[in-house]
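To keep things clear, I will list the structure first and then write my remarks on it.
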Amino acid sequence: MSLMKKIGIGILLLFLAAGILIALNWTTINRLKTVNTLFDEDKIVTNFSSMDSAFLHHDLKIGTPEPWEEDIRPIPETVTIQGEALQLSDVLKELDTTALVIIQDGKLIHESYYLGTEKDDLRISWSVAKSFMSGLYGQAIEDGLMDISKPIEVYLPELIGTAYEGATVANILNMTSGVRFNEDYMDPKSDINDMGRVLGLGGSMDKYTETLTERHYEPGTVWQYVSIDTHVAAMALRKVTGKSLHQLWEETYGDNLGMGKAPYYMTDGYDVAFALGGLNLRTRDYAKFGQLFLQGGEWKGEQIVPADWVADSTTNHSPNVHPIRGTGYGYQWWVPMPQEGPNKGDFFAVGIYGQYIYVNPSANIVIAKNAADREFTQTQSNGQHSVNLNIDMFRSLADEFRKRSQTKKSLEVSTRCLISTTVKLTPATIPEGTDVDVMVNEAVKTLMRTMDAIKYEGDHNFRFQEAQSEVLDDLKNIFGGEVDWKNFGSEEITQELREEVKMCIANG
């Protein structure tokens, strides 16, 4: 065979081998390409609702969907931020909001979607997933499988010799592990971006943790945000339960919360869940997780997450607050600081680019928000960090709905008193089969609808007095001709009836 023919065959074989190699790695190449353009301005919104098209993932199973009970109502046009009234629509726009869901008293009172997104989009959680992982710890602790005061190497001996050796599980959950880890998302050479490439290329997240050998602080002494801590915590949880995070998530949340669409976890190349940021759910279903924690871990009469763990994990344990945001940190939950005033007891989960679950027990409010905010690390137009702007917005909304709820309760009491006093002081009787609770609820709905129209929609033509007249008309229809309703005008009601109603209201 001539030399030229041998060279020709050799080149052909090289091309053939290269072709096979490219074909075998085309998915990996595409995945890496997507990772590198994931946050591009013209792609970020679509990417955040379709992560399964680019990343390895594991579909999660759910039980029978149970939609939220709805009580849709107007929301305030303005929010108070640092003492200044701002247009809510402007704030949501600046934060590149894609979805906003508000729950009060266990009912869906508002939902809106932006930038072309839709209700059933499965949106990436980013670090909101950390709080889901934390919730899974509760049962393992209650079952005696885990003691978070013990060093991590008790459960993960493979971490002996790494920066994690000596850190307790509690240190790791609280992000006071002391491990040196660069969390700068804007630095392409940072640890967080190195980790992202491991995930995108189908490597092993477990093995990646073993490469972290440098310590920045002694464990437990300084709080610093280290995302890989969450993966280490999840490794320990998997070890002691003998189950994957997928299984634990399905048994705890998927089977119980009645989510509306099956979510998924992004995974590494070994089907290990990306615990620190890989959940993808509908915004409505993020709110269900928040509602679970608002209810102390109870759902429809069943304790899904132990109440003690709910309380402990959402309490600030960090030795120092965030240097810029001033927030505290529990066990994978954030805590606004200081904890005082009407919003005392609130807590939240947050993911990069503007993902939130905000829980306010005093207002009985849960707010779930998704976004594609490429400026989430930058100072906002009012001088705040985006996290502080979001929390101030949530707190302002909670304040407004708290006041509304208090007004509603007051109206319920006064309406019930009006009915009972009418029966007591007049010949009126409540007809057999009449449900007083229904009477009260319908009357209060009428009054609240009017108040909302005046306050939130600027409709001052429909006066509150007109609504009161409408309520009295309803009562007239119920009591029929048994009462001389001429004496029930707002200015003509008898003094005895006035005093009786006042006394009834004062007694609640």
Side-chain angles (χ1 to χ4, degrees), residues 66-81 88-89 91-92 97 99-113 119 128 131 257-260 281-301 304 310 314 333 336 339 341-350 355-370 390-413 415 437 440-457:
E66 297 175 2
W68 285 106
E69 182 180 350
E70 296 187 13
D71 181 20
I72 303 299
R73 63 184 75 145
I75 62 174
E77 293 183 353
T78 61
V79 285
T80 303
I81 309 292
L88 176 60
S89 58
V91 177
L92 293 174
T97 303
L100 180 68
V101 168
I102 305 176
I103 309 297
Q104 186 178 32
D105 301 330
K107 297 177 182 179
L108 176 71
I109 64 173
H110 173 83
E111 67 175 335
S112 50
Y113 301 93
K119 180 178 71 174
V128 167
S131 303
L257 299 188
M259 294 181 176
L281 282 81
R282 302 187 316 160
T283 309
R284 278 182 166 215
D285 295 333
Y286 283 118
K288 287 202 167 186
F289 177 67
Q291 186 70 24
L292 173 67
F293 269 67
L294 176 68
Q295 296 171 178
E298 181 270 334
W299 194 267
K300 293 194 172 181
I304 306 301
V310 171
T314 57
W333 283 95
Q339 281 281 293
N343 296 301
K344 184 178 180 180
D346 60 350
F347 54 92
F348 66 100
V350 58
Q355 326 313 316
Y356 286 87
I357 299 174
Y358 172 75
V359 181
N360 189 311
S362 69
N364 211 17
I365 284 274
V366 174
I367 300 175
K369 174 180 170 288
N370 292 103
N390 274 284
I391 297 306
D392 281 359
M393 174 180 65
F394 297 149
R395 281 184 157 185
S396 179
L397 289 170
D399 286 340
E400 282 297 317
F401 284 117
R402 182 189 295 106
K403 293 173 187 175
R404 186 187 187 281
S405 183
Q406 291 168 348
T407 300
K408 182 180 178 183
K409 289 176 182 177
S410 176
L411 287 172
E412 286 172 351
V413 171
T415 303
D437 288 335
V440 172
N441 289 337
E442 289 305 312
V444 172
K445 277 184 183 179
T446 299
L447 295 171
M448 292 304 297
R449 188 166 60 245
T450 305
M451 293 183 67
D452 287 340
I454 293 172
K455 186 168 186 178
Y456 300 136
E457 298 175 3

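Keep in mind that what you see is a predicted model, and the values were worked out from it rather than measured.
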Next item on the list: With side chain to side chain contact (heavy atoms under 4.5 Å, CB included) as the test, would you mind laying out the steps for Lys369 and Tyr358 before giving the verdict?
Entry: CA-CA 8 Å; Lys369 174 180 170 288; Tyr358 172 75; over 6 Å; no
Check: Is it true that Glu70 and Arg284 make a salt bridge, defined as a side-chain N closer than 4.0 Å to a carboxylate O?
Finding: yes
Notebook entry, point to check: In terms of side-chain geometry, is the basic nitrogen of Arg395 or Asp392 positioned less than 4.0 Å from the acidic oxygen of its partner?
Noted result: no
State, yes or no, whether a side-chain contact exists between [X] and [Y] at a heavy-atom distance under 4.5 Å.
X: Ile102; Y: Leu397; result: yes
X: Gln291; Y: Trp68; result: yes
X: Ile75; Y: Glu400; result: no
X: Met393; Y: Ile367; result: no

Next item on the list: Would you sort out whether Gln339 and Asp346 count as a side chain to side chain contact (heavy atoms under 4.5 Å, CB included), showing the intermediate values?
Entry: CA-CA 8 Å; Gln339 281 281 293; Asp346 60 350; 2.9 Å; yes
Margin query: Assess the residue pair Phe293 and Ser131 against the criterion (side chain to side chain contact (heavy atoms under 4.5 Å, CB included)); give the C-alpha distance rounded to whole Å, side-chain angles, the decisive distance to 0.1 Å, and a yes or no.
Written below: CA-CA 10 Å; Phe293 269 67; Ser131 303; over 6 Å; no
Considering all heavy atoms, the nearest [X]-[Y] contact:
X: Phe401; Y: Pro76; result: CZ-CD, 4.1 Å
X: Asn343; Y: Ala398; result: OD1-CB, 4.2 Å
X: Thr80; Y: Ser396; result: N-OG, 2.8 Å

When rounded to the nearest 0.5 angstrom, what is the spacing between [atom1] in [X] and [atom2] in [Y]?
X: Asp399; Y: Asn360; atom1: CG; atom2: CG; value: 7.5 Å
X: Leu88; Y: Leu100; atom1: CG; atom2: CG; value: 7.0 Å
X: Thr283; Y: Ile357; atom1: OG1; atom2: CD1; value: 9.5 Å
X: Glu69; Y: Leu108; atom1: CD; atom2: CG; value: 10.0 Å
X: Tyr286; Y: Leu281; atom1: OH; atom2: CG; value: 5.0 Å
X: Arg402; Y: Asn364; atom1: CZ; atom2: CG; value: 10.5 Å

Notebook entry, point to check: Is the backbone N or O of Leu257 less than 3.5 Å from a side-chain atom of Lys288, with the two atoms forming a donor-acceptor pair by type?
Noted result: yes
Item checked: Whether Thr97 side chain and Leu92 backbone form a donor-acceptor pair below 3.5 Å -> yes
Next item on the list: Scan side-chain atoms only and decide if Gln104 and Arg404 contain a donor-acceptor pair under the 3.5 Å cut-off.
Entry: no
Next item on the list: For Val101 and Tyr113, run side chain to side chain contact (heavy atoms under 4.5 Å, CB included): C-alpha distance rounded to whole Å, both residues' side-chain angles, the deciding distance at 0.1 Å, then the answer.
Entry: CA-CA 9 Å; Val101 168; Tyr113 301 93; 3.8 Å; yes
Margin query: Between Tyr356 and Phe394 (judged by ring centroids, cut-off 6.0 Å), do the two rings come close enough to count as a pair?
Written below: yes
